[in-house]
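We use all heavy atoms of the structure for the numbers below, so side chains are in, but hydrogens, waters and symmetry mates are not. As the structure is a computational prediction, the values presented were derived from the model and not from experiment. First listed ligand is number 1; within each ligand, the first listed atom is number 1.
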Amino acid sequence: MTSPHVVAVIPAAGVGSRMQADRPKQYLSLAGKTILEHTVTLLLNHPSVSRVVIAISHDDDFIHSLPIIANANIDLVEGGKTRADSVLNALATLPEESWALVHDAARPCVSHQDIDALLAVMNNSNTTGGILASPVRDTMKRACDHGQASLISHTESRENLWHALTPQLFPTGVLLRALNKALSNSVTITDEASAIEYAGGKVALINGNPANIKITHPADLPLAEFYIKQTHKVNE
Ligand SMILES: Nc1ccn([C@@H]2O[C@H](COP(=O)(O)OP(=O)(O)OP(=O)(O)O)[C@@H](O)[C@H]2O)c(=O)n1
Ligand SMILES: C[C@](O)(CO)[C@H](O)COP(=O)(O)O
């Protein structure tokens with residue numbers, strides 16, 4: 001049986017406002033390469049990934065300075081106003097029968113081992129697809145919504161609560177239709193799984209390494225640098 005066509009989709013069209021850097025965070029340097037180069041390289045080097053599609057901002061001034069972009073298995077598409085729009089634009093260029101492995105550019109520390117565990121969902125007929133996720137480990141508090149951020153409103157149960165990570169893996173055609181349905185109904189979509197859930201699909205949670213952090217704030221950079229050095233040893 002031929003293995004399904006898996007295409008990595010990398011949303012990389014954000015501005016990284018929370019990072020407060022002089023450039024979009026995916027172009028900040030970690031361990032000698034940009035964050036985007038780390039992410040693209042690890043996906044290109046995975047044996048099950050046939051192509052990589054990167055969604056970039058229409059005014060991206062950095063992408064063409066990255067040597068890896070010349071790779072024949074990389075396509076660039078224009079991103080959109082939101083992450084979901086950027087993913088949609090990339091999905092529109094893929095074969096309907098492929099599987100889309102959607103992974104944030106800002107998550108350069110994912111391991112091939114975790115990607116292998118996620119890919120197994122393609123053989124599970126009981127679910128639409130799956131996502132890497134990590135169980136919540138802290139007590140969760142909901143803040144008061146009276147503008148007093150430091151006050152606790154109440155404690156939420158953390159039972160069965162998970163952090164959604166990426167990659168998130170779904171059949172391309174199913175995901176495209178689910179995203180279009182959710183967005184056309186003005187549903188707030190912050191990950192692919194929420195669109196699949198909205199469309200009535202079943203999403204498998206695959207326990208992933210919490211080192212697969214999304215670089216969001218300045219404090220994440222030294223942590224990501226440490227994890228990247230660990231992940232390189234594992235992925236090689
Ligand atoms: N319109 C957008 C917004 C985000 N992203 C991408 O989605 C991923 C996760 O989003 P996030 O961490 O929020 O990145 P930014 O939107 O850049 O960050 P911020 O919210 O701090 O501005 C990032 O790789 C980002 O580049 C995208 O492709 N298109
Ligand atoms: C997709 C994601 O990384 C899963 O946790 C997250 O939803 C992205 O959120 P962001 O606000 O776009 O960074």
Side-chain angles (χ1 to χ4, degrees), residues 8-28 30 33-43 52-63 66 69 74-93 100-110 114-115 118 129-137 140 161-170 175 178-179 182-183 187-198 203-221 223-224 228:
V9 170
I10 302 179
V15 296
S17 57
R18 289 170 284 183
M19 183 57 73
Q20 298 173 322
D22 65 350
R23 64 194 63 197
K25 63 187 178 182
Q26 56 272 32
Y27 294 110
L28 294 175
L30 277 184
K33 285 198 294 191
T34 63
I35 291 168
L36 181 59
E37 285 171 296
H38 282 292
T39 304
V40 172
T41 302
L42 72 88
L43 290 171
V52 174
V53 180
I54 310 172
I56 59 170
S57 170
H58 70 279
D59 58 358
D60 184 309
D61 292 331
F62 299 91
I63 191 77
L66 308 185
I69 297 310
I74 293 177
D75 296 311
L76 300 179
V77 299
E78 184 167 326
K81 185 167 175 287
T82 67
R83 181 184 177 283
D85 294 326
S86 296
V87 170
L88 259 181
N89 290 354
L91 293 175
T93 69
L101 185 78
V102 185
H103 185 59
D104 294 330
R107 289 184 190 267
C109 303
V110 67
D114 278 3
I115 292 174
L118 177 60
I131 70 170
L132 289 183
S134 175
V136 164
R137 294 176 291 187
M140 304 306 288
L161 270 189
W162 293 63
H163 293 283
L165 310 175
T166 69
Q168 304 200 1
L169 178 63
F170 298 101
L175 181 55
L179 278 168
L183 296 175
V187 174
T188 300
I189 295 295
T190 56
D191 72 345
E192 288 63 58
S194 43
I196 296 289
E197 296 157 48
Y198 178 74
V203 180
L205 287 173
I206 306 298
N207 198 335
N209 190 325
N212 174 16
I213 63 170
K214 180 166 69 71
I215 298 171
T216 305
H217 300 106
D220 298 326
L221 288 169
L223 193 55
I228 272 179

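- Nearest heavy-atom pair across Ala90 and Val9 is CB-CG1, 3.6 Å.
- None of Leu175, Leu179, Val102, Leu91 except one satisfies the side-chain contact (heavy atoms from CB on, under 4.5 Å) rule with Phe170; the exception is Leu175.
- Shown here are the ring pair (Phe, Tyr, Trp, His ring centres under 6.0 Å) partners of Tyr198, two or more places apart in sequence or in another chain: there are none.
- A salt bridge links Asp104 with Arg83: the distance from a Lys NZ or Arg NE/NH1/NH2 to an Asp or Glu carboxylate oxygen falls below 4.0 Å.
- Gln26 places a side-chain N or O within donor-acceptor distance of the main-chain N or O of Gly14, the cut-off being under 3.5 Å.
- Residues of the protein with a heavy atom under 4.0 Å from ligand 2 are Arg18, Arg83, Asp104, Arg107, Ala164, Thr166, Thr190, Asp191, Lys214, listed by chain and number.
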Side chains of residues 204-220: which donor-acceptor partners sit under 3.5 Å, not counting sequence neighbours?
| from | atom 1 | to | atom 2 | distance (Å) |
| --- | --- | --- | --- | --- |
| Asn209 | OD1 | Ala211 | N | 2.7 |
| Asn212 | ND2 | Thr166 | O | 2.7 |
| Lys214 | NZ | Thr216 | OG1 | 2.8 |
| Thr216 | OG1 | Lys214 | O | 3.0 |
| Asp220 | OD2 | Thr216 | N | 2.8 |
| Asp220 | OD2 | His217 | N | 2.7 |

Check the pair Asp191 / Ser194 against side chain to side chain donor-acceptor pair (under 3.5 Å), numbers first and verdict last.
CA-CA 6 Å; Asp191 72 345; Ser194 43; 2.6 Å; yes

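- Sorted by chain and number, the residues within 4.0 Å of ligand 1 by heavy atom are Pro11, Ala12, Ala13, Gly14, Val15, Gly16, Ser17, Arg18, Lys25, Gln26, Gly80, Lys81, Thr82, Arg83, Ser86, Asp104, Ala105, Ala106, Lys214.
- In this structure, CD1 in Ile63 is found 5.0 Å from CD1 in Ile54, a value given to the nearest 0.5 Å.
- For the atom pair Ile10 CD1 and Leu101 CG, the distance stands at 9.0 Å (nearest 0.5 Å).
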